[in-house]
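Written below as C-alpha cells is the structure these notes are about.
Bear in mind that the values here come from a model prediction, so they are computed numbers and not experimental data.
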Amino acid sequence: MAQPKPFTAVDPTLVGFQRALRKLPPEIRQLTDQAILDLYLPEIPGKYGFKKLNGYKNPSIYTIQIGGNHAYKLSMEITGGTAVLRRVGSHRQVDDTP
C-alpha cells in the first residue's frame with residue numbers, strides 16, 4: 001500500500017551517500033537507483049516499508065528497505081520538505097549509523 005510522503009524534493013548529493021552508493025553490488029545498485037526514482041512519485045510504494053526511526057527527532061530520520069529480502073536499507077533526513085539521502089548499505093550498517 002502506497003504511503004503519502006512528508007517531503008516534496010529529494011537530495012541525493014551528500015558525499016557520504018554517493019560514496020556508499022558506489023560501493024554497492026551492481027544488482028543492489030540497480031534496485032537502489034529505482035528506489036531513488038520512486039521517491040519522486042506522489043506516494044511511496046508500500047514495497048519499500050517507509051518508516052520513521054524512533055529516537056531521532058532532530059533531525060527526523062526515515063528509512064526504506066531495498067531488495068526482495070530487505071537486506072539493504074537507505075536512510076534519509078527530512079529537512080524543510082526535502083529528503084536528504086544519508087546512508088545506503090546493508091540493513092545492519094544503516095541501523096548502526098543511520
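Using a 4.5 Å heavy-atom cutoff, the side chains of Leu74 and Val94 are not in contact. Taking the side chain as every heavy atom from C-beta outward, Leu24 and Val88 approach each other to under 4.5 Å. Using a 4.5 Å cut-off on side-chain heavy atoms (C-beta onward), Met76 and Ile64 make contact. The shortest side-chain heavy-atom distance between Leu53 and Tyr62 does not fall under the 4.5 Å cut-off. A 4.5 Å side-chain heavy-atom check between Val10 and Thr82 finds every atom pair outside the cut-off. Side-chain atoms of Arg87 and Gln93, non-hydrogen and from C-beta on, do get closer than 4.5 Å to each other. Contact annotation: the side chain of Asp11 never approaches that of Phe17 to less than 4.5 Å [non-hydrogen atoms, C-beta and beyond].
Using modelled atom types, one side-chain atom of Lys5 and one backbone atom of Leu39 make a donor-acceptor pair closer than 3.5 Å.
The structure places CD of Gln65 at 13.0 Å from CG of Leu31, a figure rounded to the nearest 0.5 Å. Distance CG/Leu21 to CG/Leu14: 12.0 Å, rounded to 0.5 Å. Taken to the nearest 0.5 Å, the OH atom of Tyr72 stands 5.0 Å off from the CD1 atom of Ile28.
Within the structure, side-chain hydrogen bond (donor to acceptor under 3.5 Å, both in side chains) pairs that include any residue of residues 14-31 comprise Arg29-Asp33 (at least two apart or interchain).
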### Task
Could you please spell out the steps behind the side chain to side chain contact (heavy atoms under 4.5 Å, CB included) verdict for Glu77 and Ser60?
CA-CA 6 Å; Glu77 172 183 329; Ser60 294; over 6 Å; no
### Task
Dump the intermediate steps for side chain to side chain contact (heavy atoms under 4.5 Å, CB included) on Lys73 and Tyr48, then the final yes or no.
CA-CA 9 Å; Lys73 287 176 98 172; Tyr48 294 117; over 6 Å; no
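Residues Asp95 and Pro98 share a closest heavy-atom pair of O-CD, 3.9 Å.
A single hydrophobic cluster is seen to contain both Ile66 and Leu85, as judged by linkage of ILVMFWY side chains at heavy-atom distances under 4.5 Å, directly or through other members.
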